[in-house]
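Bear in mind the structure is a predicted one, so any value in this text is a computation, not a measurement.
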Amino acid sequence: MTISPFSIADTTLSSRLFLGTSHYPSPQVLSDAVSASGTQVLTVGLRRLQPESGGGNSFWQRVQAMKTHILPNTAGCHTAEEAITLAQMAREIFGTTWIKLEVIGDDYTLQPDTHATLEAATALTKEGFAVFAYTTDDLVIAQKLRDAGCAAIMPWAAPIGTGRGPLNPYALETMRRRLPDAVLVVDAGLGRPSHAAAVMELGFDAVLLNTAVAQAGDPVRMAKAFADGVAAGRAAYESTPMPERAAAQASTPTVGVPFWHAP
């Protein structure tokens, strides 16, 4: 299925599916899943990857061979200061100004600290970073992240790794409607291709996921399934779905049609 391209951080992408790189059964499965998905963006955690070390270097070379855009992330940070420092390190190591900003506020739910996220985002955009800000579905925070100059706002659908799908579609739909010109990417909580299709039908620009593919029984087939779900959801959004109605309405006109009743 052909999918319309979109622009993010001055880059045009033909795939609207971003993938993470952790928890795969093997590096080869990761490579095959990336290929099957058609993704053009991979996110890599700097805390989990040290390119200058032995094992890390091997993994980094494999990731580079996939010929995708690298989106380093600040996973594991709990303060704005930590995230800013890690972003600066990532820029030097990976040679990109792209950064997926994560500042965790609660270790149990992995819910982002939105206030610290906004603080770090404001500082990093002033340094020239293209900030992809992981946040909740809070509209007011999303508006402030947009005003801070973030390249993309990335609300969760549900807590990281839960696979429960969009818990508050109304909040996501409202965010899309209220921020029509912002790049919005649903990040975290998607577990099935139908979840990805559902948020894409709301008009989101892309989705980012990791666990749903990496920990599937067949990650490669699941990666392709998610790619299909994303494409179907986007096509549905662009096709303008029919309006919902409170009452039934027959698709075949009944005016003038004789009705026969059994005696």
Side-chain angles (χ1 to χ4, degrees), residues 17-25 30 33 39 41-50 70-87 89-90 98-124 129 131-142 144-145 148 150-172 175 183-193 195-196 198-199 204 206-216 219 222-223 226:
L17 172 61
F18 303 170
L19 285 182
T21 54
S22 62
H23 304 305
Y24 284 83
L30 168 60
T39 185
V41 176
L42 290 176
T43 183
V44 178
L46 185 59
R47 285 186 179 275
R48 302 188 187 100
L49 173 63
Q50 296 298 329
I70 301 300
L71 177 59
N73 67 58
T74 63
C77 291
H78 289 78
T79 67
E81 293 75 13
E82 284 183 324
I84 291 169
T85 298
L86 204 60
M89 292 173 59
W98 286 20
I99 192 72
K100 181 190 172 190
L101 177 61
E102 299 181 35
V103 185
I104 299 302
D106 180 72
D107 287 329
Y108 181 76
T109 63
L110 299 182
Q111 180 166 324
D113 181 334
T114 52
H115 298 288
T117 298
L118 179 59
E119 179 185 344
T122 301
L124 290 171
F129 282 90
V131 176
F132 295 58
Y134 169 58
T135 184
T136 64
D137 54 21
D138 185 299
L139 173 62
V140 175
I141 289 294
K144 290 182 178 181
L145 289 168
C150 289
I153 301 163
M154 307 178 75
W156 68 0
I160 294 174
T162 61
R164 298 182 64 183
L167 298 181
N168 193 345
Y170 173 76
L172 295 176
M175 186 181 295
V183 176
L184 300 180
V185 180
V186 170
D187 176 18
L190 302 179
R192 301 172 184 237
H195 297 160
V199 296
F204 279 77
V207 301
L208 189 155
L209 50 95
N210 188 125
T211 309
V213 170
Q215 296 189 354
M222 187 61 79
F226 265 101

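- Ala116 and Val103 get closest at one heavy-atom pair: CB-CG1, 3.6 Å.
- Listed by first then second residue, pairs satisfying side-chain hydrogen bond (donor to acceptor under 3.5 Å, both in side chains) with a partner in residues 111-120 number zero, not counting sequence neighbours.
- The shortest non-hydrogen separation linking Phe129 to Ile99 is CD2-CG2, 4.0 Å.
- Pairing each heavy atom of Ala212 with each of Met222, the nearest pair is O-CG, 3.5 Å.
- Residues that satisfy the ring-ring contact (aromatic ring centres under 6.0 Å, His included) test with Trp98, not counting sequence neighbours, are His69, Phe132.
- Looking at residues two or more places apart in sequence or on another chain, you find a side chain to side chain contact (heavy atoms under 4.5 Å, CB included) between Ala142 and Ile153, Met175, Leu179.
- No donor-acceptor distance shorter than 3.5 angstrom exists from the side chain of Gln215 to the backbone of Thr211, with no hydrogens or angles considered.
- By the side chain to side chain contact (heavy atoms under 4.5 Å, CB included) test, Ile84 pairs with Gln88, Ala120, Ala123, Leu124, Glu127, sequence neighbours left out.
- When every heavy atom of Gly45 is checked against every heavy atom of Asn73, the shortest pair comes out as CA-OD1, 3.3 Å.
- When the side chain to side chain contact (heavy atoms under 4.5 Å, CB included) test is applied to Ala214, the partners found at least two apart in sequence or on another chain are His23, Tyr24, Asn210.
- Here the CG-NE2 distance, from Leu209 to His195, works out to 11.5 Å after rounding to the nearest 0.5 Å.
- Residues satisfying the side chain to side chain donor-acceptor pair (under 3.5 Å) test with Thr109, not counting sequence neighbours, are Asp106.
- In this structure Thr39 satisfies the side chain to side chain donor-acceptor pair (under 3.5 Å) test with no other residue, sequence neighbours excluded.
- Closest heavy-atom contact between Pro72 and Thr43: C-OG1, 4.5 Å.
- To the nearest 0.5 angstrom, Phe18 atom CZ is 6.5 Å from Met154 atom CE.
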Counting only pairs under 3.5 Å, give me each side-chain donor-acceptor contact of residues 163-172, with atom names and distances, residues two or more places apart or in other chains.
from	atom 1	to	atom 2	distance (Å)
Asn168	OD1	Ala171	N	3.1

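- Scanning for side chain to side chain contact (heavy atoms under 4.5 Å, CB included) contacts around Ala148 gives Leu118, Thr122, with sequence neighbours left out.
- Remark: side-chain polar atoms of Thr136 are not paired, donor with acceptor, to backbone N or O of Trp156 under 3.5 angstrom.
- Here the closest heavy-atom approach between residue Leu110 and residue Ile104 is recorded as O-CD1, 3.5 Å.
- Between Thr74 atom OG1 and Leu101 atom CG the span is 4.5 Å, to the nearest 0.5 Å.
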